[in-house]
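Every chain is numbered from 1 and lettered A, B, ... according to where its sequence line falls, protein lines coming before strand lines.
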Amino acid sequence: MAIVYEKSKGLTDTPFHYCPGCTHGIIHKLVAESLVELGVLGEAIGVAPVGCSVLAYEYFNCDMQEAAHGRAPAVATGIKRVHPDKVVFAYQGDGDLASIGTAEVVHAAHRGEKITTIFVNNAIYGMTGGQMAPTTLVGQRSTTSPFGRDEAHCGKPIRIAEMLATIDGAKFVERVAVNSPANVRKAKKAIKRAFECQLAGKGFAIVEVLSTCPTNWGFTPVKALEWLKDNMIPYYPLGNFRDFEEEK
Amino acid sequence: MAKVLMKGNEAVGAAAIKAGCRYFFGYPITPSSEIPEYMAKAMPEVGGVFLQAESEIAAINMVYGAGGAGARVMTASSSPGISLKQEGITYCAGAEVPCVIVNMMRGGPGLGSIQPGQADYYQSTRGGGNGDYRTLCYAPASIQEIVDYVMLAFDKADYYRNPVLVIADGMIGQMMEAVEFKDREKIELPPKDWATTGTGGKRKPNKVNSLYLQAEQLEIHNKRLQQKYKEMEENEVLYEAYGLEDAEVVCVAYGTTSRIVKSAMKLAEEKGIKTGIIRPITVWPFPYDVFKEIGPKAKGILAVEMSGGQIVDDVKIGIEGRLPVYFNGTTGGMVPTPGSILASIEKIAGGTK
Ligand SMILES: Cc1ncc(C[n+]2csc(CCOP(=O)(O)OP(=O)(O)O)c2C)c(N)n1
Ligand code: SF4
């Protein structure tokens, strides 16, 4: 019998702990497949964040370091400077990257650090039980914005891809979503290209992935995908903001 | 090798490179900025990397990454910067990432002053970060000792897979003395087969991590760490001590203050007062046992520190209530004078003979 589908060799056999319908798992798969297809799994060193994907070090089938909350870009910098010939990536949530670790990611981008960052934007703090993130939409309820995020009180959600695209050292910046098969395919392409950016020695690469948190949004998995499409994509437009071959 | 004249902060950098450190991540702060400045010039010459981080938090996390990736790595700072590094230090301890952290201490709390201080003693010996961890901590009192103990710190960090601190005060950082880079005894070190170097498809993935979600697993991990700290307590205590058998007053001091204490002891001798000194070279583990060598003539112990008296706790543990413990200290960047220490010695001894 012909094999039509196989779990990626870039993932270990450890079962994911993610909630049903959570799209962290899809994003893991895309990263793992990209590393395998580029033939660099054995050269890869990943950095796991603090957040729901903290256990990423159990899931990726390559060397991994677990970083303090928000510090993954600094940890990845340390690794890459020691092993410039290896493929170093950081996997971070939106509390991790866009709140506590903003300084670290901005400066890693600014230095043109040759690392690849997978930034999972689910508009909420998943792991700690659904508190407001810097990416939480205006009007969106969370446990620390129980009446909906109020712009006058805590500002508008931060657009990381647009912000990092203003930095010269960021050579590849794209925002994707994993809410439909077509978007998942586009996400895969972007993630692979973000690794190619590193392999070409161009500079910092980041893919912002719009992702769901059915548990803390309080939706079924299907409803969560719809909510992402109807609410997140209008505020966080998909597309490429920087591509390294454009720069001559 | 011939002796060379070196400033304390430069000696830190030179010794680190001599010990095989090829990665330095730091952020400028007085009175330790000459360390990153030295590294910025010296690292490229030996094919190493100096990187100025955006903050001390980033610097220590770069250290965590580089140390986890198997490199000999160092960061250096002064008191407020070391406070910011505490998060990274506890992660290094938890994940067993070897690294060396140098603190050229200044006056505190808060922004404090840029003058020399020793008020980071609690932070250095009790662990400034969260959780049950310990860090070996050397307190050199001369530029030669900076060279010797910075080099040793790298071996010990690798041997124990643990962060190692070197603390000195701003005075030692700025001072110039002649130093010699001596040939060192080779320590048998375990291979870094746990480091993140890429599997090459040839082995199971390595994980550098301090998270243990199962309480039972964390306890097993912690018990192993405690065992390691116990081993350090048994094998790594270093101190200088003399005059304890017939001293009327025993002084306890480390770093710059120990040198001032020694001047005061000479003045006391001229006045006919017998004194002794215990100078911890490792402030953790602390040389508690040597307090047993204090003879019957002793009337009291005098602790001297550029602080409000942080070392007094350890002196009290060491003397086990057998003698009264007194303190003479300066804070805020003031340096104690031999005259004031002599006055304390005289008081404890019960006046001049
Ligand atoms: C220094 C520190 N502060 C706070 C926390 C608690 N904490 C753990 S995960 C998290 C938020 C994670 O949210 P996000 O990055 O959005 O990832 P998600 O869980 O949504 O995937 C917080 C605040 C921590 N572990 N460390
Ligand atoms: S809490 Fe949200 S982000 Fe975390 S695993 Fe569950 S669904 Fe995913």
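In this structure, Asn61(B) and Ala74(A) approach most closely via the heavy-atom pair CB-CB, 3.7 Å. Counting all heavy atoms, side chain and backbone alike, Ile79(A) lies closest to Gly65(B) at CG1-O, 3.4 Å.
When Glu58(A), Lys9(A), Glu43(A), Met64(A) are compared by the number of non-hydrogen pairs under 4.5 Å with chain B, Met64(A) comes out ahead. Among Gly88(B), Ala53(B), Gly201(B), Gly68(B), the residue with the largest count of heavy-atom pairs under 4.5 Å with chain A is Gly68(B). In terms of heavy-atom pairs under 4.5 angstrom with chain A, the leader among Leu51(B), Val63(B), Val49(B) is Leu51(B).
A side-chain hydrogen bond (donor to acceptor under 3.5 Å, both in side chains) with Glu54(B) is found for one member of His107(A), His110(A), Arg111(A) and no other, namely Arg111(A).
Both the backbone and the side chain of Ala68(A) come within less than 4.5 Å of a heavy atom in chain B. Contacts between Val50(A) and chain B at a heavy-atom distance below 4.5 Å involve the side chain alone, from C-beta outward. The contact between Ala195(B) and chain A is made entirely by backbone atoms, counting heavy-atom distances below 4.5 Å. Only the side chain of Leu213(B) comes within contact range of chain A, judged by heavy atoms closer than 4.5 Å.
Using a 4.5 Å heavy-atom cut-off against chain A, the contacting residues of residues 21-36 of chain B are Tyr23(B), Phe25(B).
Partners of Asn206(B) according to the side chain to side chain contact (heavy atoms under 4.5 Å, CB included) rule, which considers only residues two or more places apart in sequence or in another chain, are Asp63(A), Arg203(B).
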Would you check, one step at a time, whether the test side chain to side chain contact (heavy atoms under 4.5 Å, CB included) holds for Val208(B) with Tyr57(A)? CA-CA 9 Å; Val208(B) 171; Tyr57(A) 61 80; over 6 Å; no
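A distance-only check finds a donor-acceptor pair linking the side chain of Tyr64(B) to the backbone of Glu66(A) [under 3.5 Å].
Annotation: side chain of His83(A) is in contact with side chain of Thr197(B) (closest heavy-atom distance under 4.5 Å).
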